[in-house]
Amino acid sequence: QVQLVESGGGLVQAGGSLRLSCVASGRTFSSYAMGWFRQAPGKEREFVAAISWTGVRTRYANSVQGRSTISRDNAVNTVYLRMNSLKPEDAGVYYCAAARAISTDAAAFDSWGQGTQVTVSS
């Protein structure tokens with residue numbers, strides 16, 4: 001497993017942008033697929049985006065497709081999520097997670113960060 005620490009959340013106006021970062025500890029980061037999930041109050045955790053260990057393959061939830069970009073820099077053990085045109089429904093706690101292979105299923109991810117709060121004002 002790897003230890004994950006997210007950052008970059010905060011209060012953003014609707015229509016704005018933000019970039020979340022997730023730094024992983026350990027020398028095996030480059031062997032993991034990475035994902036971002038989010039959870040709004042009273043709702044279940046949902047998939048947002050994922051990226052393969054090479055960075056070549058990516059997957060996105062329909063709700064963020066076209067306005068979000070997941071990327072990674074294995075040299076600094078970091079995965080990013082850039083989100084544009086933010087909507088109030090994008091608000092929630094965003095979690096970074098690591099898996100052995102790229103997936104949209106939370107059950108496939110065995111290491112999770114503590115999360116970073118994103119609030120979108122309308």
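FYI, the numbering just counts along the sequence from 1. Everything numeric here is computed off the predicted structure, so don't read it as measured data.
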Please check this pair: side chain of [X] against backbone of [Y], looking for a donor-acceptor N/O pair closer than 3.5 Å.
{"X": "R57", "Y": "W53", "result": "no"}
{"X": "T116", "Y": "S7", "result": "no"}
{"X": "S31", "Y": "T28", "result": "yes"}
{"X": "N77", "Y": "A24", "result": "yes"}
{"X": "S111", "Y": "V2", "result": "yes"}
{"X": "S103", "Y": "A101", "result": "no"}

When hydrophobic residues are tied together by side-chain contacts of less than 4.5 Å, even through go-betweens, does [X] share a cluster with [Y]?
{"X": "I70", "Y": "F37", "result": "no"}
{"X": "L20", "Y": "V120", "result": "yes"}
{"X": "V64", "Y": "Y95", "result": "no"}

**Item:** Criterion side chain to side chain contact (heavy atoms under 4.5 Å, CB included) on E6 and V23, from CA distance to verdict
**Value:** CA-CA 7 Å; E6 303 94 337; V23 179; over 6 Å; no
**Request:** Could you give me the CA-CA distance, side-chain angles and deciding distance for V79 and S71, then say whether side chain to side chain contact (heavy atoms under 4.5 Å, CB included) is met?
**Result:** CA-CA 6 Å; V79 61; S71 61; over 6 Å; no
**Asked** Looking at L4, V5, L81, which one forms a side chain to side chain contact (heavy atoms under 4.5 Å, CB included) with C22?
**Response** L4
Say you draw a straight line from [atom1] of [X] to [atom2] of [Y]; how long is it, rounded to the nearest 0.5 Å?
{"X": "S63", "Y": "E46", "atom1": "OG", "atom2": "CD", "value": "5.5 Å"}
{"X": "R82", "Y": "R67", "atom1": "CZ", "atom2": "CZ", "value": "12.5 Å"}
{"X": "D105", "Y": "F47", "atom1": "CG", "atom2": "CZ", "value": "10.0 Å"}

**Asked** Judged by modelled atom types alone, do R38 and Y94 share a side-chain donor-acceptor pair under 3.5 Å?
**Response** yes
**Item:** Side-chain H-bond candidate by donor/acceptor type, N84 with S17, under 3.5 Å
**Value:** yes
**Prompt:** Do you know the tightest heavy-atom contact between T78 and S21?
**Reply:** CG2-CB, 4.3 Å
**Message:** Please give me the minimum heavy-atom distance between Q117 and V93, naming the atom from each residue.
**Reply:** OE1-CG2, 3.3 Å
**Prompt:** Within 45° of the six-membered ring axis of Y80 and under 6.0 Å from that ring's centre, is NZ or CZ of R72 located there?
**Reply:** no
**Message:** Whether R45 engages the ring of W112 as a cation-pi pair (distance to the six-membered ring centre under 6.0 angstrom, angle to the ring normal within 45°) should be assessed.
**Reply:** yes
**V118 vs L18, side chain to side chain contact (heavy atoms under 4.5 Å, CB included): CA-CA, chis, key distance, verdict** = CA-CA 9 Å; V118 172; L18 57 71; 3.6 Å; yes
**Asked** Who passes ring pair (Phe, Tyr, Trp, His ring centres under 6.0 Å) against Y60, sequence neighbours left out?
**Response** none
**Q39, CD atom: more than 12 neighbouring heavy atoms under 6.0 Å** = yes
**Asked** After noting the C-alpha distance and the side-chain angles of M34 and F109, does the key distance pass the side chain to side chain contact (heavy atoms under 4.5 Å, CB included) rule?
**Response** CA-CA 8 Å; M34 300 297 296; F109 292 79; 5.8 Å; no
